[in-house]
Amino acid sequence: MCASVKYNIRGPALIPRMKTKHRIYYVTLFSIVLLGLIATGMFQFWPHSIESSSDWSVEKRSVRDVPVVRLPADSPLPERGDLSCRMHTCFDVYRCGFNPKNKIKVYIYSLKKYVDDVGVPVSSTISREYNELLTAISDSDYYTDDITRACLFVPSIDVLNQNTLRIKETAQALAQLSRWDRGTNHLLFNMLPGGPPDYNTALDVPRDRALLAGGGFSTWTYRQGYDVSIPVYSPLSAEVDLPEKGPGPRQYFLLSSQTALHPEYREDLEALQAKHGESVLVLDKCTNLSEGGLAVRKRCHKHQVFDYPQVLQEATFCVVLRGARLGQAVLSDVLRAGCVPVIIADSYVLPFSEVLDWKRASVVVPEEKMSDVYSILQSIPQRQIEEMQRQARWFWEAYFQSIKAIALATLQIINDRIYPYAAISYEEWNDPPAVKWGSVSNPLFLPLIPPQSQGFTAIVLTYDRVESLFRVITEVSKVPSLSKLLVVWNNQNKNPPEDSLWPKIRVPLKVVRTAENKLSNRFFPYDEIQTEAVLAIDDDIIMLTSDELQFGYEVWREFPDRLVGYPGRLHLWDHEMNKWKYESEWTNEVSMVLTGAAFYHKYFNYLYTYKMPGDIKNWVDAHMNCEDIAMNFLVANVTGKAVIKVTPRKKFKCPECTAIDGLSLDQTHMVERSECINKFASVFGTMPLKVVEHRADPVLYKDDFPEKLKSFPNIGSL
Amino acid sequence: MGGHMQSWRRKSLWLALSASWLLILLGVFPLLRLAVPARPRARAPQGWPRWLDAELLQSFSQPGELLEDGPQPPQAPRGDSCNWGACFDASKCRDGGLKVFVYPAAGPISETRRRILASIEGSHYHTVSPAEACLLLLLSSDTPAGQCEPVPAQWDGGRNHLVLNLHPAPCPQTVQLGQAMVAKASPTVDTFRAGFDVALPLLPEAHPLRGGAPGQLQQHSPRPGVALLALAGERGRWYTAGTNSSACPWDGHCEQDHGPKQTPPGALLPNATFCLIPGRSPDAWHFLQALQAGCIPVLLSPHWELPFSEVIDWTKAAIVADERLPLQVLTALQEMPLTRVLALRQQTQFLWDAYFSSVEKVIHTTLEIIQDRIFGASARPSLLWNSPPGALLALPTFSTSPVDFPFYHLQQGSRPVGRFSALIWVEAPGQLPLKLIQVVAGSQHCAQILVLWSCEKPPPPRWPETAVPLTVIGGHRKVDFAFVVWQSFPERMVGFLTWSHFWDETRGGWGYTAEKANEFSMVLTSAVFYHRYYHTLFTHSLPRALRSLADETPTCADVLMNFLVAAVTKVPPIKVPYGSRHQEARPPLAPGSPGLRQEPQPAAQDCINQMAAAFGHMPLVSSHLRLDPVLYKDPVSVLRKKYRSLEKP
């Protein structure tokens, strides 16, 4: 705006100078302006593909154009790998330092082409898989391009397959990397180690202290807790489309699909086939197929031709024997087919064995016991077999199916070693998603009866009903196990009564003033709560007897992970409306207790305040209702357990508010409460509440027994 | 004319000016948009390049290469090191499971050692014949140096031998170990043969043989105001430090710098949330102390293998941290979410109680690990080892599937089970659910159908033909309610008649009574619901002496069952109402069991003490409550009540 005004002022002053020029001048000016307008418009509305793509920042180059590095023949060579290396000896953890996200930073060296003195390449520059692997790391949260901030370094020198490289020169290439420093914090990926004739089980390239993610480790070469054992990637994972086949009995009990077996092993397998007939199938390569490319996808038994890997889906167990190398790509195909691998490879360190529980997905048989394989497998119950089939498929999906999955699992393992307090748990690594969804891990799982001496803290939420509040305080203070009373003063416009006016009671009394009148203040984890047991009580609950409250506390001690309350409520499925309904009738069942007076563990205050799913907490505060239903949902959801209703009490009746017209108020109340249940069930994504048909009474309740000898004689009415 | 020209020119000039202004507006902004982010872009991560010819790259292996890597003859195990497949002959263990022969003591032995031998001999693993045994156990000598034992007769190069070395032995090389497995305390990471040797905890000299002290944890969450850190010091002492001490535990100047309290002598257990334990082996026994105290062990780069690491998932109970990053570890501990602190604390207690609290538990755990190796595919899954009540109480001979046990329903969630039993509850005496029965029986997953007949009319004599077994049970409300309660507490016993135990000062021993009381700790097994797993546990896990005691005195069987379930669950049984009508017409109890107001016989009174001695502690827990139907004896219409028969006079 400002600029345009300026222009307008200067405009007329220009005109006299332009007098000599004529129409042509203006026409030209116009056409230039018009063209410019059109061009700008085009630019504005043209799809900005180049701009929005993330490739914008990435250089577009060919692999053949990368810089060439000449390695002198006498350039330094790293030492051989140090077998005694452990994370706390060979790994420089200072480079990882403090990191609020608990994520390591990984740097990737830029791609170079290494040639020796005479210009002969050291290896093929990079394989498709290694390019995928580096791309996956680069796209992940681990990646950094700042070499000074990196904790882990990944060379771009491709050593996936030892056969494609020259060992000494590759080692020299590694040694001249800018941050090599004896290989400290360097990670190499190798899937096919060793070479003829002895086939070492780890990469032969001298690499000093570098970590090795290797695909064929034996227990002799694997440095426990330092190296990472990874799968040998099967290219068929990407090439072949194999729909998932559910677990269950299959045509063949045991199948062998490997083609290059040692004759001794093949004899053993064929002996099994001869003994058990149809249920065992031993396949070999097809001799009569001419094209080499197809041979990978075909297997034969006598004159029968089978498609590979489809045939694996026809078998319950699939043999994975070692060849010259321990790690076999067939393992990946077998897992994918949901066939339980029978691993016969002594001393083989299974992929990701540091975190994956292979007992759940495979059977490991010592080579010596190969002839017993059939009977060993037969002793496994069918149910367990199906579990293993499911597990096998899940392992493939999560950790085998792509190079990216393999790379990220490797980095996660190393990350968990460096930040152990943020490590992923056994369940997260091993449980298939279906199990993860269904399982409940109770936060208070230890069976423990807290000592009675601890007592409980009563929390009274109040607004301004001082008289009623004082009566509640007086009543509650009579309960023997009360250890502290906390009054949450929720009225910001009025000060709580003076200290001298409060009832004198035998336990400490504290008043907490809140900043805002919110229902969730009742469930805040106040520092003043010293005991584990909390009694939430409203400022109008004066009908509960001391015996009733003390008994409630005793019941809580026996069920410290549950909500223990007095009046019970129920949720029901309304078939007509197709939604949940709140029920306060006196039924035979209970699924919730009112928190107008309820005992629970103080940990649930922490959960309510900080871990309540979705917008439930705000919703409750906005509606000024249903905080108790929310608490019932929360506790049932994390513990998977039902509430405990104690004593026959059915309702809290406040004497002051007797006959306000019951019916209509009741109706809206019920509608609101039902709405809460439906809202919460949709936020939780499930209905966590559990229905039970019991309540807890004192052992001798209503028994034919002298009242004065009962521990809790005055248990109250309905 | 000129004026006209002038105005025309002016007009067109204006037009041109406003048009160029539009042009600037339209043009400058996109240019700005391009120019402004250009600077951060230049600093944005230079990712791995997307190669133009990425599609043309060769695979890391040729198609045939993965298939044929050159067949190689089978190799013998390399080196003198052993692994399970090569050095253990499991064929001897095929039938009868793990049978253990223990070499008898050659000469005079210490009292501790004699008791350990006796304990193994009393267990169900023991066999007297070395030929029959699949594992030969050599208890490493604790006699003074110089009196080392000769090689035992059945040594055979150490094959199928386990050398059990509970305390660091004065004879380091008793025999050439050869192919024998070694179970010893805190082995160094470098010599430990994973999957073959067994790592034991470093036990103090006075560790109890049986029972053992319970964990110190009395509440789930850390007590407010308790110290965050305790540091293992010399001679079993602990130094505690508050939250704001920075790197004190590392520089070793805690006392001077921050003045943390040294725990008073005698109180050997740390009182803190986290216990820092240095990585040197001599500090390993602090580890057990921390476990018992419910103090989460933070191991600083340990050089020793954690006990029973083969089966115990220590990440659930301890933190292995790097000693080189003190500040980072401290910050991480301070900021650890409450949920994780709770879980770690509880797990320490569970592990202590399940595997470490007595010498017997340590030995049995060692043997169970070897048994699991023998079972191979039928070994216990990790869940059974790592959640209560622990693997010693979850027998793999019963099942290896967690869903079969009463303990793991929560963790298992809604995992689908292959087959189900259909329980059909017939309540209304109207149309029979014949259609339903046929439909259910037609399902491929149905194993059996139980019809619980709960109406007043007798069930019909004829039922439809089904492919699966069909059983009709005449139900009763009383039983119904107890069963429904049991479904909520599958790991507990749910019964009607109860006993309570007490400490008898006059006799200086335990006693129990059937007298009506305000609390109870046992339910009579004459009418009780419990999981069938406890039968297996009763038969296979209890020492022989206890079972014969139960056989002799039937009341003792009741007591023993209650002891067993309480020791497993650590919670009391559940009492449900009996219905007063039945109190007179009590069902005949097991012979010899006491009447309602009759004291158990003296012989029976004694068995509770014998059992408490055999268990090493008193496992029974008292309860103050009875679970009643929700409307039990309420002054509401009888018609509302589902279990009204329970209240009939």
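To find a chain, count down the sequence lines: A is the first, B the second, and so on, and within it residues start at 1.
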Which bit of [X] is near chain B, if near means a heavy-atom gap under 4.5 Å: side chain, backbone, both or neither?
X      : result
A:T135 : both
A:K650 : side chain
A:S425 : neither
A:Q454 : side chain
A:E558 : both
A:Q530 : both
A:Y701 : both
A:K710 : both
A:R86  : side chain
A:P560 : side chain
A:D527 : neither
A:V364 : neither
A:A696 : both
A:S124 : neither

Contact origin within [X] toward chain A - heavy atom pairs under 4.5 Å:
X      : value
B:S500 : neither
B:R345 : neither
B:P381 : neither
B:A379 : side chain
B:Q219 : both
B:V636 : side chain
B:S301 : both
B:L333 : neither
B:T569 : backbone
B:V298 : neither
B:D313 : side chain

Is it true that a side-chain atom of [X] and a backbone atom of [Y] form a donor plus acceptor pair closer than 3.5 Å?
X      : Y      : value
A:H88  : B:D322 : no
B:Q349 : B:Q218 : no
A:N161 : B:F60  : yes
B:Q328 : A:Y419 : no
A:Q384 : B:A377 : yes
B:R640 : A:W586 : yes
B:K316 : B:N386 : no
A:D158 : A:Y130 : no
A:D145 : A:S138 : no

Indicate yes or no: does [X] engage [Y] in a salt bridge with an N to O separation below 4.0 Å.
X      : Y      : result
A:R360 : A:D357 : no
A:E367 : A:R322 : yes
B:K570 : B:D353 : yes
A:D697 : A:K702 : no

Please find the pair of heavy atoms, one from B:L57 and one from A:S127, that lie closest to each other, and give the distance.
CD1-O, 4.0 Å
Winner by heavy-atom pair count (cut-off under 4.5 Å) against chain A, out of B:S387, B:S221, B:P388:
B:S221
